[in-house]
Amino acid sequence: MTEQFPALIVVAPLVAALLVPLTARLSLAVTYCLILVSLMVSLTGALSALRYSLVEGAWHYYFGGWPPPWGIEYVVDPLAGIITSLVGLFGILVFFYSIPFLAGKEPREKGYFYSLYLLLLAGLLGIVATGDVFNLYVFLEISSLAAYALIAFGGHQGVVAGFRYLLVGTAAGTLYLLGVGYTYAVTGSLNMADLGNLLASLQSSRPVILAVALIVTGLGIKMALFPLYGWLPDAYSLSPPGVAPLIAGVMGKVSAYALYRLLYFVFKPGGPVLQVLDVVGWLAAAGIIVGSVMAIAQKEFGRMLAYSSVSQMGYIALGIAIGNAAALTGTLLHIFSHAVAKGCLFMVAGNGSWWGRRKISEMAGMSKAMPLTSATLVVASLSMVGLPPTAGFFSKWYLLMGAVEKGSWIYAVILVISSLLTAIYFFRVLEHVYLKKDPGASLGTPAEEGRSLRGWELAPSMLVPTLLLGLGILALGLFNAPFVDGLLKFSLPWRTW
Amino acid sequence: MTRKLGYLSLVLLAALFIYVSLDLPPTGDPHSPPATHVSPRYIEKAYKETGAANMVTAVLADYRGYDTLGETVVVFTAGVATLLLLEGAFKFKKR
Amino acid sequence: MDAIAGHLNYWLIAVLFVVGVYGLAFQDNLLKKLMALNVISVSTIAFFLNLGQKVGAKAPILPGGVKGGEAAAYANPLPHTLMLTAIVVGVATTGVGLAMIYRIFKHYHTLEESEILKGMRE
Amino acid sequence: MNKSRPTTILDTCVRLIIPFYLVYAIYVLVHGHYSPGGGFQAGVVLAVSVILVQLVQDPNPRWGLGRDAAVVFACLGTFMYAGIGLLTMAWGGNMLDYGVLPLGEVEAEVRALGTLGIEIGVTMAVMGVFVVIFNLLRGEE
């Protein structure tokens with residue numbers, strides 16, 4: 001069975017998703033076992049594919065036995081390996097985290113919910129593992145459709161947010177498809193590696209430049225690049241707290257990964273493509289500042305985190321735009337550090353809303369009621385601001401090095417300013433959590449019946465994932481040197497080892 | 001004012017697409033890259049390799065069968081999404 | 001003249017695409033926006049199908065298979081396959097969109113986006 | 001939706017048409033190898049026949065698919081596709097490599113059979129999903 005691992009990464013959650021609506025009507029225990037087993041298989045596949053790719057090089061898997069460019073292939077190289085491992089790990093943690101939030105729902109509703117959850121996960125994993133640009137579109141649509149529905153599950157406001165995301169997201173998918181169409185028109189191929197070879201001689205052809213612009217716009221919408229982020233604050237903050245960590249934590253990062261892969265492994269910057277990258281860089285810089293400023297203005301914790309995501313996705317896009325080894329390392333490291341930190345913060349926000357408090361001003365006294373959650377919040381905030389020894393510091397450091405190395409001082413200045421702005425809004429939250437007195441009874445008790453804080457502040461299935469992600473931030477920071485040297489170095493478009 | 005600027009940018013968008021399209025292979029060109037790079041194998045070998053006289057079926061179900069699996073899953077996703085969104089809504093209303 | 005005839009389809013497709021973007025950006029009604037989305041996806045589908053054409057080519061169906069070197073006589077099957085997928089994706093998205101519109105209308109009693117946003121803020 | 005009894009004319013027409021719909025759907029499905037057609041089209045035709053009966057004979061259609069049955073069809077249809085993929089993996093090939101299935105001697109014929117299998121799955125899935133979506137959008141039951 002081991003030779004099937006690259007396919008199983010995606011197919012295991014996919015197959016489980018097809019059965020979950022049926023089994024949920026019969027037995028919830030069986031359903032949860034099924035979900036857990038499929039997620040474990042997926043994670044095992046991702047980890048072993050990662051190990052294989054580090055030893056033997058990229059693992060190519062041909063669907064239907066047809067060699068590319070005629071068939072579809074999966075390519076798991078070290079980069080795809082670590083990102084699939086990250087997504088798989090998130091899948092397991094957020095699955096546990098979401099269980100208490102669904103406690104009051106009907107079994108069949110749980111079945112539909114987890115079916116969509118697994119489909120979202122399978123879509124994200126498929127985007128990462130695939131080596132075919134059209135297959136990427138199909139899985140992009142699977143993950144997007146599942147995400148629209150999950151966001152719309154978050155109440156009446158959630159439906160509006162989900163519908164607006166559906167309009168924008170589908171338009172983004174269509175733009176991406178049109179970009180694929182232009183490259184297909186001038187090359188006749190859909191396989192990434194094949195396209196990379198064919199496009200080398202077409203760098204300055206107009207359809208290729210338009211294709212790059214269309215693909216950057218499409219994936220830019222999905223990863224909320226500066227002027228195209230309008231859907232994000234509502235979608236992230238109004239989605240049900242059970243899945244918000246997954247949606248906010250990895251969905252945008254997977255699009256960023258796809259953009260990185262397409263730009264650096266397929267279109268290979270040179271000539272006019274570099275000008276597109278320049279535009280991306282300026283937009284990203286604007287997004288960093290605008291996102292931070294908007295985050296300062298927010299009263300609700302979830303919305304503040306959502307705007308902070310706009311700013312943080314700007315870092316990732318900026319690294320892609322700068323495009324030297326240090327900046328790309330920073331981008332990849334930031335994909336990880338931000339995914340873990342933002343997932344962790346949305347779990348903290350979810351714990352807060354479990355307690356009935358969504359606004360920042362209501363979070364006073366959290367340090368007493370939820371000491372462990374508050375401690376995690378401190379760690380995650382430090383990472384977002386970029387203080388050592390957390391992961392955020394090192395990714396920003398690499399980005400700064402990249403900007404300086406390229407001589408773009410403006411980018412460097414923006415990186416520093418934005419850290420200060422981030423510090424402003426996160427320390428405001430910490431001030432409320434640790435220094436302000438709990439206004440107590442005036443706020444009323446937990447939002448819904450059956451939700452109370454017990455001895456261990458929360459149910460373990462909520463608390464443990466939060467703490468694990470908090471530890472992950474620290475671990476990623478402390479062991480960042482082996483992480484970069486052992487894994488990320490092999491993910492750069494040029495051989496640097 | 002913003003509306004007029006919007007209309008103008010739409011016209012510019014159309015002009016951009018038309019300008020770029022001049023560099024695309026003309027419609028029906030049998031020597032264009034899409035006609036010569038990957039597809040000849042489908043046309044020449046599909047029947048021998050997959051047993052389907054209809055080459056579109058051969059490509060759909062066999063050469064690129066995994067895409068079609070994804071496509072079926074998209075349809076399935078739409079069904080489950082509709083169930084999640086509407087089935088509960090009716091129930092809540094009755095209570 | 002030939003250049004125009006060969007590229008006329010692309011121009012029409014460009015216009016169709018822009019019409020869709022217009023509807024998405026400037027219409028206030030959510031149902032109209034969903035329809036505009038369909039127009040955009042149809043323009044993309046037409047673009048791909050246009051790439052699959054060959055002058056004087058037959059439909060790519062032949063029991064017994066095609067001899068080597070005769071590939072130019074049959075239309076390119078790959079874009080048709082891809083667009084079958086894109087059509088199905090469009091249908092699925094429209095279905096989910098309609099379900100959401102149904103929910104929105106039941107709660108807000110309107111489909112004008114500006115009014116819904118006003119209702120959300122309250 | 002109109003809750004009155006269906007008119008005799010509509011009712012008779014539907015009764016006459018439905019068998020042809022069903023036969024045509026099967027034809028489109030099976031003949032997909034030799035002519036335009038295939039699983040998606042056949043599934044849509046089947047779904048349309050069910051929806052037509054529901055539209056005309058509302059509120060108590062005498063024939064058709066309930067919502068729960070449609071969900072089962074959707075799940076099992078899609079699972080049939082993925083399951084054939086899993087079977088090919090179990091027989092030692094790559095996913096969806098129908099050639100390894102022990103169904104015959106000539107590889108092309110085995111592949112054609114595998115293709116037919118997944119097309120049947122697609123038909124069931126598409127029919128189930130479209131009936132479900134129609135059913136839900138039509139309103140409360």
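All chains are named by letter (A, B, ...) in the order of the sequence lines, taking the proteins before the strands, and each is independently numbered beginning at 1. For clarity, every value in this text was computed on a predicted model and none was experimentally measured.
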*Which of A82(D), S35(D), G38(D) touches chain B most, by non-hydrogen pairs under 4.5 Å*: S35(D)
_Main-chain N/O of Y34(D) paired with N54(B) side-chain donor or acceptor, under 3.5 Å_ = no
*Non-hydrogen atoms of chain D under 4.5 Å away: do they reach the side chain of V75(B), the backbone, both or neither?*
both
*Gap between atom CD of E87(B) and atom CZ of R67(D) - 0.5 Å precision*: 5.0 Å
*With only heavy atoms counted, which part of V71(D) is less than 4.5 Å from chain B, the side chain, the backbone, both or neither?*
side chain
_Nearest heavy atoms of G79(B) and V132(D), plus distance in Å_ = O-CG1, 4.3 Å
*Can you find a heavy atom in the side chain of V73(B) that is under 4.5 Å from one in the side chain of Y81(D)?*
no
*Rounded distance (nearest 0.5 Å) linking atom CG of L137(D) with atom OG1 of T82(B)*: 7.0 Å
*Out of A125(D), A70(D), A112(D), which one racks up the most heavy-atom pairs below 4.5 Å with chain B?*
A112(D)
*From CG (L69(B)) to CE (M95(D)), nearest 0.5 Å*: 5.0 Å
*Return the option, out of G43(D), G114(D), C75(D), G128(D), with the maximum number of heavy-atom pairs under 4.5 Å with chain B.*
C75(D)
*Nearest heavy atoms of R111(D) and T50(B), plus distance in Å*: CB-O, 3.8 Å
*Taking the side chain as every heavy atom from C-beta outward, state whether D62(B) and Y98(D) have any atom pair closer than 4.5 Å.*
yes
*Kindly give the heavy-atom pair with the smallest separation between V129(D) and F76(B), and that separation in Å.*
CG2-CA, 4.0 Å
*asked:* Run E119(D) and T57(B) through side-chain contact (heavy atoms from CB on, under 4.5 Å) and show every step you take.
replied: CA-CA 10 Å; E119(D) 297 272 14; T57(B) 303; 3.6 Å; yes
*Kindly indicate, with the supporting measurements, whether the criterion side-chain contact (heavy atoms from CB on, under 4.5 Å) is fulfilled by F40(D) and T72(B).*
CA-CA 9 Å; F40(D) 288 97; T72(B) 317; 4.0 Å; yes
_Atom OH of Y19(B) with >12 non-hydrogen neighbours under 6.0 angstrom_ = no
